[in-house]
Protein chains: 2
Amino acid sequence: MSTVGKAVSLLELFTLHEPDIGLSDLARRAGLDKATVRRLLMALSEHRLIEQEPRSRRYRLGAGLSRLARIRDAHFPFVRLAAPVIRELSLETGETVHLSEFSAGALLTLHVELSAKANRVNVDVGQVLPLHGTASGIAFLAASRLEAVSAYLEKPLPAFTSFTMTQPDDLVKAIALAASRGYSRSAQGYEEGVHSIGAAILGADGQPVGTLAVASPVSRIDDAVAGSQGEAAVKAARMISARLTGEA
Amino acid sequence: MSTVGKAVSLLELFTLHEPDIGLSDLARRAGLDKATVRRLLMALSEHRLIEQEPRSRRYRLGAGLSRLARIRDAHFPFVRLAAPVIRELSLETGETVHLSEFSAGALLTLHVELSAKANRVNVDVGQVLPLHGTASGIAFLAASRLEAVSAYLEKPLPAFTSFTMTQPDDLVKAIALAASRGYSRSAQGYEEGVHSIGAAILGADGQPVGTLAVASPVSRIDDAVAGSQGEAAVKAARMISARLTGEA
DNA sequence: AATGTCGGTTCAAATAGTGAACCGACTTGG
DNA sequence: CCAAGTCGGTTCACTATTTGAACCGACATT
């Protein structure tokens, strides 16, 4: 792996739940030597991508990232463009709809529009969704290049509920089905009682950049409802894709 | 320079005004070989810190940055904590107040609270302020380590108006004055007709992370007004610093 | 048709990265 | 209260990664 790749993978060790990490811990998790990690951290902190809290001596993500992200967001306003479409989809279906962006092997929830109903699915912004076991993930895989899919299938597929697909073969079938009809469907694969319909959002290069998903209590869903949600989700995802690529 | 440093300096070539850049251009501006730049870009894009627009083949900042920035902002909510204080300072002084964060040798405007008055100073979010010639910059330098100040003084100081301090000696005096009274004062150093009072905001390590500044039309300012604005600005900056370090 | 630029590739030479061993300072636990 | 383990950080001989001049084909300009 390139030195740059190692440095960036250090950044990726920081999460919402663990915003600061010590040197030895970083080295262990990154699978690198402590001396190497420290040198990389120094290089990163010179550019403010990493900061060190002087009291605890622990490291955290730096201000430079906020700055770079603002520059990007000004010209690739994923959330800003998608939010109104997500909102309309939520109103149309009467269900919770969430938007996620792919990053580092998983989907990160960026925006949520909650259902107005009392019995609804709640999703948190910042939540990380696995590619298998969620409708969003399957929709994403169905839109990905074959090599990305097979790379993902190499790794073990942890179970989140008793319904989670953990067999690669089952997943391949689900991906094929999602690819053929444009949207994915998943029931209780990640959380019990939750049914989801997912659709991929494509970037300018035709590669998927994220997904949206309609999440409902399983009790409210039958095949007819799922079908109409699927069509609406696909339409919404296409609309966002078009806006992203400047076609609308 | 380390390889990582080179890679990050590539990221820093992208700005609000120039969000995508071609390969040769990047190499030229970074002072690196084209082959080197390309390899670095590939490493960065593997982690989604860089994307390539497939039509134009130009490069731009990637989605991974937005994700990392969100993780950081969740735990270092500079703007979120500062905004209410900035607003109160604006109401108290009746003038435009803006908040900036240091990054890559300059101050980036993150948040602005405009004066309610008809004759007011307008500042844009995203605007980049030089360290010399703005009250914010002088306040920042006054709170910085001596070595950082001397490093800044090495470089030439461009003039923005006929009032801009371009002599290092003058700047040193202004910094000393600001350090002694806690706030800086600058008239028309960056834009004609604008008077500003700046104060530094310190991070957990005691180093300045950014500044706030009260900006008024010169016509409304005399020494008494400047003094009271200065005191209010210092108080507000200290409040934000305390919130940042979790002391309030 | 000629010239210049673009993005991208190659490979021998050179430079930058690496990691085991070692600090001193703290914490933990018997 | 000492021994063992951890922490962040440093050193330096060894080595693997990075580097860049030269070279593509494609496109634009003249």
Side-chain angles (χ1 to χ4, degrees), chain A residues 1-15 17-62 75 145 147 203-207 245, chain B residues 1-15 18-62 75-76 145 147 203-207 245:
Chain A
M1 188 195 264
S2 70
T3 311
V4 174
K6 287 172 201 159
V8 179
S9 68
L10 284 182
L11 295 178
E12 291 176 342
L13 292 175
F14 297 91
T15 65
H17 307 292
E18 194 166 16
D20 47 28
I21 312 182
L23 175 61
S24 299
D25 220 6
L26 277 168
R28 230 175 284 118
R29 298 194 209 184
L32 300 171
D33 190 88
K34 224 172 25 159
T36 301
V37 169
R38 188 167 147 72
R39 200 170 30 78
L40 295 175
L41 289 171
M42 288 301 139
L44 289 169
S45 67
E46 247 170 58
H47 293 266
R48 306 209 152 220
L49 264 49
I50 282 283
E51 293 170 350
Q52 185 177 27
E53 211 179 325
R55 292 144 115 89
S56 66
R57 293 184 151 188
R58 290 163 74 83
Y59 297 88
R60 62 160 121 94
L61 298 175
H75 292 275
R145 285 167 311 179
E147 57 186 274
D205 52 357
Q207 290 303 305
T245 52
Chain B
M1 189 194 267
S2 69
T3 311
V4 174
K6 287 173 202 159
V8 179
S9 68
L10 284 182
L11 295 177
E12 290 176 342
L13 292 175
F14 297 91
T15 65
E18 193 168 17
D20 47 26
I21 312 183
L23 175 61
S24 300
D25 220 5
L26 277 168
R28 230 174 285 118
R29 296 194 210 185
L32 300 171
D33 190 89
K34 223 171 27 159
T36 302
V37 169
R38 189 169 147 72
R39 200 170 31 79
L40 295 175
L41 289 171
M42 288 302 141
L44 290 169
S45 66
E46 245 169 59
H47 293 265
R48 306 204 153 225
L49 265 47
I50 282 283
E51 294 170 350
Q52 185 177 27
E53 212 180 325
R55 292 145 115 88
S56 66
R57 294 184 150 189
R58 290 163 73 84
Y59 296 88
R60 61 161 123 97
L61 298 175
H75 293 274
F76 189 79
R145 287 167 310 178
E147 57 186 274
D205 53 357
Q207 290 302 306
T245 52

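Chain letters run A, B, ... following the sequence lines, proteins first and then strands; every chain starts at 1.
- Under 4.0 angstrom from either OP1 or OP2 of C:dG17 there lies at least one side-chain N or O belonging to B:T3.
- The CG-C1' distance, from B:L23 to C:dT5, rounds to 12 Å in whole Å.
- Less than 4.0 Å separates DNA chain C from at least one heavy atom of each of the following residues of residues 32-40 of chain A: A:D33, A:A35, A:T36, A:R39.
- Separating the CG atom of B:L26 from the P atom of D:dG20 is a distance of 16 Å, rounded to the nearest angstrom.
- In this structure, B:I21 CD1 and B:S56 OG are separated by 12.0 Å, a value rounded to the nearest 0.5 Å.
- Rounding to the nearest 0.5 angstrom, the gap separating the NZ atom in B:K34 from the CZ atom in B:R38 is 10.5 Å.
- Remark: B:D20 engages B:R58 in a salt bridge, criterion side-chain N to carboxylate O under 4.0 Å.
- Between A:I21 atom CD1 and D:dG8 atom P the separation is 11 Å, expressed in whole Å.
- Rounded to an integer number of Å, the gap from CE of B:M1 to P of D:dT18 is 16 Å.
- Along DNA chain D, the nucleotide closest to A:Y59 and the one closest to A:S2 are compared, and the more 5′ of them pairs with A:Y59.
- Note that the CG atom of A:L61 and the CG atom of A:L10 stand 10.5 Å from one another [nearest 0.5 Å].
- Ranked by how close their nearest DNA chain D nucleotide is to the 5' end, B:K6 and A:M42 are led by A:M42.
- As rounded to whole Å, 16 Å separates atom C1' of D:dG9 from atom CG of A:D25.
- Regarding B:L10, its CG atom lies at a distance of 14 Å from the C1' atom of D:dT18, rounded to whole Å.
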